[in-house]
Undergrad: 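Have a look at this one before I ask anything.
For the single chain, residues carry numbers from 1 onward in sequence order. Bear in mind the structure is a predicted one, so any value in this text is a computation, not a measurement.
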Amino acid sequence: MGIVAMRRREFLQLAGGASFAWPSLARAQRRATPALVAFITPFTEEMATERTLDLRAGLNQVGLVEGVDYTLALRFANGKLSRIPELTRELLELKPRVFVVAASLSALNTTRKEAPDIPLVVTGLAADPIAMGFAESYARPGGMITGNTMNAVGGEEALTTKRIGFFKELVPNVARLGMIHFADSVTPVTAGNLALSERKALRTVSEHFGFEFLNYEIRTLDDFDNAVSTGLRDNVSAFYISGDPRMNFDIPRVVASLTKSEKPTCGVYPFWAQRGLLMSYSNDLRDMMRRAGFQVAKIIQGAKPGELPFEQAVKYTLVINMKTAGRLGITPPPTLLAATDELVE
């Protein structure tokens with residue numbers, strides 16, 4: 001499946017852009033021993049590898065050279081959250097200069113507990129770092145954690161309103177939208193509850209756009225097929241997939257189940273539409289990882305994480321899978337195509 005990027009707009013960058021004088025600064029401050037960057041993610045090897053490319057791109061963009069200024073150690077849990085503490089301790093034995101955690105409150109909390117004195121950069125956080133107790137303020141986080149967050153400003157409702165607005169342009173006859181999410185009872189308290197915020201936002205948005213909202217809980221991905229079957233019995237018009245990171249642990253399985261449903265589908269993150277769902281709209285996660293690389297570079301050069309602003313995303317990506325649209329007999333209107341950042345053929 002080819003991915004054709006259609007960049008139609010110029011985007012604002014996240015706050016705190018990297019200085020392009022950095023390459024000379026980096027060369028002037030070469031370390032005798034490369035700094036070890038420890039990257040940990042709960043996701044699959046495929047997703048972890050993709051994100052390391054973006055992290056390297058960010059580090060390289062500001063002039064740091066792998067093998068000279070830094071080395072990178074990767075650990076991925078393949079969806080098994082119980083392995084996060086073990087993997088974190090493995091990385092600790094390597095004596096890292098800085099930890100990087102991608103889009104996982106579980107991994108963030110574990111790393112914070114296991115390595116409280118090591119700088120930590122978190123990227124793609126779907127939560128308010130101040131409300132979660134990770135930062136004192138966005139401008140000066142304090143402590144040992146900085147990074148970037150997806151939707152702190154405006155909250156989940158503003159982002160969901162925009163996403164569903166695009167989806168209604170694409171599928172105007174949506175009468176019943178069924179959301180599939182993990183049950184609250186299987187969400188650790190320390191991980192927050194994204195699905196709760198999503199449901200609240202979707203209920204509000206459903207009143208605005210005039211469709212009925214239904215939700216289907218799963219405890220594990222083994223329950224996903226049954227949730228889809230229940231939604232079909234309820235005659236849902238379309239499915240909406242929660243942004244809970246646990247949904248990402250087996251993307252092919254989720255996409256295959258939804259494809260069989262023959263219903264339009266809306267995912268949160270770009271990789272969902274890239275891999276087969278009809279549409280997605282969210283922050284540009286690849287850009288956020290590159291931006292995390294800028295912050296890691298600053299820490300390697302001597303900055304304290306508590307003095308680096310916690311960035312808020314302002315770059316968003318609308319992706320439409322044209323192959324899926326064609327299979328479902330959907331023709332995106334020209335106005336929506338004009339707003340689309342990426343078409344998947």
Undergrad: Side chain to side chain contact (heavy atoms under 4.5 Å, CB included), that's the test. Do Phe99 and Val122 meet it? Break it down for me.
TA: CA-CA 8 Å; Phe99 269 96; Val122 60; over 6 Å; no

Undergrad: Using side-chain heavy atoms (C-beta onward) and a distance below 4.5 Å, is Tyr138 in contact with Asp128?
TA: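 Tyr138 vs Asp128: side chains touch.
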
Undergrad: Quick one: salt bridge (Lys or Arg N to Asp or Glu O under 4.0 Å) partners of Arg56, sequence neighbours excluded?
TA: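 Salt bridge (Lys or Arg N to Asp or Glu O under 4.0 Å) check on Arg56 returns Glu66.
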
Undergrad: Are Arg233 and Thr230 close enough, and set up right, to give a side-chain hydrogen bond (donor to acceptor under 3.5 Å, both in side chains), and what steps lead you there?
TA: CA-CA 5 Å; Arg233 287 196 296 271; Thr230 303; 3.2 Å; yes

Undergrad: Look at the side chain of Asp54 and the backbone N and O of Arg290, then say whether any donor-acceptor pair between them is shorter than 3.5 Å.
TA: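 Here the side-chain-to-backbone pair does not exist.
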
Undergrad: Please name all residues satisfying side chain to side chain contact (heavy atoms under 4.5 Å, CB included) with Pro116, sequence neighbours left out, ordered by chain then number.
TA: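 Side chain to side chain contact (heavy atoms under 4.5 Å, CB included) list for Pro116, sorted by chain: empty.
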
Undergrad: Between Glu262 and Arg327, is there a side-chain N and carboxylate O pair less than 4.0 Å apart?
TA: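 Judged by the 4.0 Å cut-off on N to carboxylate O distance, Glu262 and Arg327 do form a salt bridge.
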
Undergrad: Show your working on side chain to side chain contact (heavy atoms under 4.5 Å, CB included) between Thr265 and Ile241 and close with a plain yes or no.
TA: CA-CA 8 Å; Thr265 47; Ile241 306 307; 5.7 Å; no

Undergrad: When you measure from the side chain of Ser261 to the backbone N and O of Leu258, does any donor-acceptor pair fall under 3.5 Å?
TA: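 Yes; at least one donor-acceptor contact below 3.5 Å.
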
Undergrad: Mind checking what makes salt bridge (Lys or Arg N to Asp or Glu O under 4.0 Å) contact with Asp222, not counting sequence neighbours?
TA: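 So Asp222 forms a salt bridge (Lys or Arg N to Asp or Glu O under 4.0 Å) with Arg253.
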
Undergrad: Would you sort out whether Asn109 and Phe134 count as a side chain to side chain contact (heavy atoms under 4.5 Å, CB included), showing the intermediate values?
TA: CA-CA 9 Å; Asn109 280 301; Phe134 300 132; 3.8 Å; yes

Undergrad: Atom CG of Leu328 and atom CG of Leu278: how far apart are they, to the nearest 0.5 Å?
TA: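 The CG atom of Leu328 sits 6.5 Å away from the CG atom of Leu278.
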
Undergrad: Can you give me every donor-acceptor pair (side chain of residues 84-91, partner residue at least two apart or in another chain, under 3.5 Å) with its distance?
TA:
| residue | atom | partner | partner atom | Å |
| --- | --- | --- | --- | --- |
| Glu86 | OE2 | Arg83 | NH2 | 3.4 |
| Thr88 | OG1 | Ile84 | O | 2.8 |
| Arg89 | NH1 | Glu114 | OE2 | 3.2 |
| Glu90 | OE1 | Arg75 | NE | 2.8 |

Undergrad: Could you give all pairs that pass the ring pair (Phe, Tyr, Trp, His ring centres under 6.0 Å) test and reach residues 251-275, with sequence neighbours left out?
TA: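 Passing the test, one end in residues 251-275: Tyr269-Phe271.
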
Undergrad: Could you list the residues that satisfy side chain to side chain contact (heavy atoms under 4.5 Å, CB included) with Lys162, not counting sequence neighbours?
TA: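 Listed in chain order: Phe166, Tyr281.
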
Undergrad: Using salt bridge (Lys or Arg N to Asp or Glu O under 4.0 Å) as the criterion, list what pairs up with Arg163, not counting sequence neighbours.
TA: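 None.
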
Undergrad: Work out which heavy atom in Pro270 is nearest to a heavy atom in Ser282; give both atom names and the distance.
TA: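 So the two residues come closest at CD-CB, 4.5 Å.
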
Undergrad: If you look at every heavy atom in Asn78 and Glu45, which pair is closest and at what distance?
TA: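 What the structure gives for the nearest pair is OD1-N, 3.4 Å.
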
Undergrad: Say whether, by atom type as modelled, one donor and one acceptor occur between the side chain of Tyr316 and the main chain of Ala313 under 3.5 angstrom.
TA: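 Here the side-chain-to-backbone pair exists.
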
Undergrad: Mark yes or no for whether Ser206, through its side chain, and Phe213, through its backbone, hold a donor-acceptor pair below 3.5 Å.
TA: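 Not at all, since once roles are kept as given, no pair shorter than 3.5 Å links the two residues.
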
Undergrad: Could you give the distance from CZ (Arg51) to CZ (Phe43), rounded to the nearest 0.5 Å?
TA: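 Output value for this atom pair is 9.0 Å.
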
Undergrad: Could you tell me the separation between the CG atom of Leu74 and the OG1 atom of Thr41, rounded to the nearest 0.5 Å?
TA: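 If I round to the nearest 0.5 Å, the distance is 8.0 Å.
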
Undergrad: Rounded to the nearest 0.5 Å, what separates atom NZ in Lys200 from atom CZ in Arg203?
TA: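 One gets 10.5 Å once the value is rounded to the nearest 0.5 Å.
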
Undergrad: For Met247 and Ser242, which heavy atoms make the closest approach, and how far apart are they?
TA: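 Taking every non-hydrogen atom into account, CG-O, 3.7 Å.
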
Undergrad: Supply the atom-to-atom distance Ile164 CD1 to Met279 CE, rounded to the nearest 0.5 angstrom.
TA: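 Rounded to the nearest 0.5 Å, the CD1-CE separation comes out at 7.0 Å.
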
Undergrad: Shortest non-hydrogen contact from Cys266 to Leu277?
TA: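 It is C-CD1, 4.3 Å.
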
Undergrad: For the residue pair Gly63 and Asp69, what are the closest heavy atoms and their distance?
TA: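 Heavy atoms of Gly63 and Asp69 come nearest at O-OD2, 4.0 Å.
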
Undergrad: Do Ile300 and Val37 have side-chain heavy atoms sitting under 4.5 Å apart?
TA: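 With C-beta onward as the side chain, the pair touches.
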
Undergrad: Residues in ring pair (Phe, Tyr, Trp, His ring centres under 6.0 Å) with Phe76, at least two apart?
TA: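 Scan of Phe76 (ring pair (Phe, Tyr, Trp, His ring centres under 6.0 Å), adjacent residues dropped) gives none.
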
Undergrad: State which residues pass salt bridge (Lys or Arg N to Asp or Glu O under 4.0 Å) with Arg140; sequence neighbours excluded, sorted by chain then number.
TA: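 With neighbours one apart ignored, the set is Glu307.
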
Undergrad: Is the side chain of Asp284 donor-acceptor paired with the backbone N or O of Lys315 at a distance under 3.5 Å, no angle test?
TA: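 Here the side-chain-to-backbone pair does not exist.
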
Undergrad: Verify side-chain hydrogen bond (donor to acceptor under 3.5 Å, both in side chains) between His181 and Asp244, making sure each step is shown before the conclusion.
TA: CA-CA 7 Å; His181 64 92; Asp244 189 313; over 6 Å; no

Undergrad: Using the rule that Ile, Leu, Val, Met, Phe, Trp and Tyr join whenever any side-chain heavy atoms are under 4.5 Å apart, tell me whether Val100 and Tyr70 fall into a single cluster.
TA: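 Hydrophobic grouping puts Val100 with Tyr70.
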
Undergrad: State which residues pass side chain to side chain contact (heavy atoms under 4.5 Å, CB included) with Ser257; sequence neighbours excluded, sorted by chain then number.
TA: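 Partners of Ser257 under the side chain to side chain contact (heavy atoms under 4.5 Å, CB included) test: Phe224, Asp225, Val228.
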
Undergrad: Applying side chain to side chain contact (heavy atoms under 4.5 Å, CB included), can you list everything that pairs with Thr331, at least two apart in sequence or on another chain?
TA: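 Counting only residues at least two positions away or on another chain, Thr331 forms no side chain to side chain contact (heavy atoms under 4.5 Å, CB included).
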
Undergrad: Checking Asn60 side chain against Ala57 main chain: does a donor-acceptor pair fall under 3.5 Å?
TA: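 No, because the side chain of Asn60 does not come within donor-acceptor range (under 3.5 Å) of the backbone of Ala57.
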
Undergrad: In this structure, would Met132 and Met144 fall into the same cluster of hydrophobic residues linked by side-chain contacts under 4.5 Å?
TA: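 Not linked; separate clusters.
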
Undergrad: Any carboxylate oxygen within less than 4.0 angstrom of a Lys/Arg side-chain nitrogen, looking at Arg275 and Glu50?
TA: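 A salt bridge links Arg275 with Glu50.
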
Undergrad: Indicate yes or no: at least one non-hydrogen side-chain atom of Lys168 is less than 4.5 angstrom from one of Val174.
TA: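 Result yes, sub-4.5 Å side-chain heavy-atom pair found.
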
Undergrad: Are the side chain of Ser237 and the backbone of Arg176 linked by a donor-acceptor contact shorter than 3.5 Å?
TA: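 Yes: the side chain of Ser237 pairs with the backbone of Arg176.
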
Undergrad: Keeping the roles fixed (side chain from Asn148, backbone from Phe310), state whether a donor-acceptor pair exists under 3.5 Å.
TA: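 Side chain of Asn148 to backbone of Phe310: no pair is present.
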
Undergrad: Identify, with sequence neighbours excluded, every residue that meets side-chain hydrogen bond (donor to acceptor under 3.5 Å, both in side chains) alongside Thr324.
TA: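 Listed in chain order: Asn321.
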
Undergrad: May I have the step-by-step check of side chain to side chain contact (heavy atoms under 4.5 Å, CB included) for Arg291 and Thr123, ending in yes or no?
TA: CA-CA 8 Å; Arg291 302 293 305 179; Thr123 178; over 6 Å; no

Undergrad: Return yes if some donor-acceptor pair links the side-chain N/O of Glu198 with the main-chain N/O of Gly243 below 3.5 Å, else return no.
TA: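 Looks like yes, one N/O pair under 3.5 Å.
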
Undergrad: Is there a continuous path of hydrophobic side-chain contacts, each under 4.5 Å between heavy atoms, that joins Leu92 to Leu94?
TA: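 Yes, because Leu92 and Leu94 connect within a single hydrophobic cluster, where side-chain heavy atoms sit under 4.5 Å apart.
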
Undergrad: Do you know which two heavy atoms are closest between Pro332 and Met322, and how far apart they sit?
TA: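 Heavy atoms only, the tightest pair is CG-SD, 3.8 Å.
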
Undergrad: Once you round to the nearest 0.5 Å, how far does CG of Leu337 lie from CG of Leu343?
TA: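 Here the interatomic distance stands at 6.0 Å.
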
Undergrad: Would you check if the side chain of Arg246 reaches a backbone N or O of Phe182 as a donor-acceptor pair within less than 3.5 Å?
TA: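 Side chain of Arg246 to backbone of Phe182: no pair is present.
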
